[in-house]
Amino acid sequence: MAAKRKFNFPADAHDIVMLVRTSIETAVFIIFIYFLPRIVDFPQLSGLQLGVSAALLSSILFLVLTIRQRLQNKSIKSITYFESIADAILIIWLIFIFGGMNGPFFFFFFLAIMEAAFTFNLSIVLTVIIMGILSTVGEYNFQLYTGSSTFSFLSIFLLFFRIVTMGLIGYYSLSFMRSVSREQTTARKLRLTYEELKKLDRAKSEFVSIASHQLRTPLTAIKGYISMIMEKIYGEPPEKMEKPLENIYASNERLIRLVNDLLNVSRIESGRMKLEFKKVSLEEVISSILEELKNEAKKKDIYLKFEKPKKALLEISIDRDKIRQVITNIIDNAIRYTEKGGVTIKCKVQNEKYKIEITDMGEGMTKEEISHLFESFSRGKAGARLWTEGIGLGLYVAKKFIDIHNGKIWAESPGKNKGSTFYIELPIK
Amino acid sequence: MTKKILIVEDEKILADMYQDKFTQAGFEIVLAYSAEEAHKILQKEIPDLILLDILLPRENGISFLTSLKKKPELASIPVVAFSNYDDPETKKQAFKLKIKEYLIKTDYTPKEIIEKVKTYFKDEKSSK
């Protein structure tokens, strides 16, 4: 389908040039045809035969140029160059169709109507039709064949009519063909650009994988050596050094988590996150997480309670690794923001969905804070408290992970210092 | 009996670190800083386990693993891959080559790596 182009007559420099060129070419050619037999002697060929042969030749050339331009990946500039040559030849060819009604004439006439119709310019459509009819009728009233010369005032007037009509028809049919070929060129360019972008995106994703690998190497060294110093492998560190070492270790762990989150986010956003679905028991996952975090809770003297359902729940098809990360993240936060009391985890089946509730007795959140909870730190700001300990990307990634499982995650809190509850809902598959 | 572990790790800082911890934990450690070095070492001695980094200069861990599995006398050595390169495609390839586990280095302290590795020696009851 041709692109809808708003045609103002005359529109831009290009259009004016086109029209002027058409007129000049037309005029020159008419004069040439008139004078040609006086210069060269063609006893055997009549003007019509000459015209038809020239028309055939030029249409072949035009076809070749068009095909060539379409087969190759020419930039817009060179296509315009070819189009200009094709333009000129086509106009000349049209002028040659003085032999009356024939296929090509109607074909281009039809194209011209189409183009005028697409530009929704009814007056131009009517003009083209009327002039086409008149010029064809007028055709029979005079002959401009080389050799004969019957010029009456009517003939000249009708000749002028004919020239203008052919000019218009030529121009419009060319515009139509040009918009079609431009459409194809645009589509081709679009496809090429898309391939380029895909390549770039793939390179970027690989870059992130490699970048995170590079970031992780020094983080591994710090984690390893600090842990080994604390394990007294390098001798007994002075007691005063215990806290600073723990702080370094904790900060480093934060960096490691951040790099993990960045890698995850990059993968999710570029659609390269691969999930491995397996039938898993959520109770078993939660139990293993609590086993891992029980020391942390003990250190703060708060309890970790798991209220398991009386009957073992069905297994659920999920990416165990990702869901485990989400639940660990939430329970870990709950422990961090609770100073007394404890954290309770409940799990049940409700409305054909798995529902996990993690309730803490910690600092609680305002409605404002809850609304920004699952955004990445680049968007919006929550209370200072939420960002200082660096939840950072954790909940943003958690939400993404739950989203790709077609689940829901949200939080509620009765208010500041009244604790909070996080809810995770996963459809049973 | 002291277990011998071949650690293939191109980052010297990390190689030294793991050597310190593993030696302190009672293992005999042989270090290789590249796949080529590892090949040479394996021509002279057979370790009880190989800890293989995946992202290595020149020949990478996957290619090393492939040639390892082709040699019958070396194919049965348990291999634990460890790397900070967390690429699902690479992981899949490694598991196809029968590694015991693919650990992300930043997830574990050296002590924790030892705990993991202990379960994969040939005569121990392994979980995978």
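Every heavy atom of this structure was used, including side-chain atoms; hydrogens, water molecules and symmetry mates were not. All chains are named by letter (A, B, ...) in the order of the sequence lines, taking the proteins before the strands, and each is independently numbered beginning at 1.
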Value rounded to 0.5 Å, distance of [atom1] in [X] from [atom2] in [Y]:
X: B/Thr106; Y: A/Arg257; atom1: OG1; atom2: CZ; value: 12.0 Å
X: A/Asn260; Y: B/Asp107; atom1: CG; atom2: CG; value: 6.0 Å
X: B/Ile104; Y: A/Ile256; atom1: CD1; atom2: CD1; value: 11.5 Å

**Prompt:** Are the side chains of A/Thr220 and B/Phe82 in touch, meaning some heavy atoms are under 4.5 Å apart?
**Reply:**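 Not in contact.
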Count the heavy atoms belonging to other residues, nucleotides or ligands that lie under 6.0 Å from [atom1] of [X], then report whether that count exceeds 12.
X: B/Lys111; atom1: NZ; answer: no
X: B/Lys4; atom1: NZ; answer: yes
X: A/Glu276; atom1: CD; answer: no
X: B/Lys71; atom1: NZ; answer: yes

**Prompt:** Considering heavy atoms only, which positions within residues 285-305 of chain A lie below 4.5 Å of chain B?
**Reply:**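 Counting heavy atoms that sit under 4.5 Å from chain B, no residue of residues 285-305 of chain A is involved.
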**Asked** What residues of residues 222-244 of chain A sit under 4.5 Å from chain B when only non-hydrogen atoms are counted?
**Response**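 Interface residues of residues 222-244 of chain A: A/Lys223, A/Gly224, A/Tyr225, A/Ser227, A/Met228, A/Glu231, A/Ile233, A/Tyr234.
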**Asked** Under the ring pair (Phe, Tyr, Trp, His ring centres under 6.0 Å) rule, what pairs show up with a residue in residues 31-54 of chain B, not counting sequence neighbours?
**Response**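 Listed by first then second residue: B/His39-B/Phe64.
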**Message:** Checking an interface table here. Which of residues 15-25 of chain B come within a heavy-atom distance under 4.5 Å of chain A?
**Reply:**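 Residues B/Asp16, B/Met17, B/Tyr18, B/Asp20, B/Lys21, B/Gln24 are the ones that qualify, each having a heavy atom under 4.5 Å from chain A.
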**Message:** Let's test your reading of the structure: which of A/Val259, A/Leu219, A/Asn252, A/Thr217 forms the most heavy-atom pairs below 4.5 Å with chain B?
**Reply:**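 The option with the most such pairs is A/Thr217.
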**Asked** Any sub-3.5 Å donor-acceptor pair from A/Arg216's side-chain atoms to B/Asn84's backbone N or O?
**Response**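 Yes: the side chain of A/Arg216 pairs with the backbone of B/Asn84.
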**Message:** Which atoms of B/Leu14 are under 4.5 Å from chain A, going by heavy atoms: the side chain, the backbone, both sets, or neither?
**Reply:**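 When you check distances to chain A, only side chain atoms of B/Leu14 fall under 4.5 Å.
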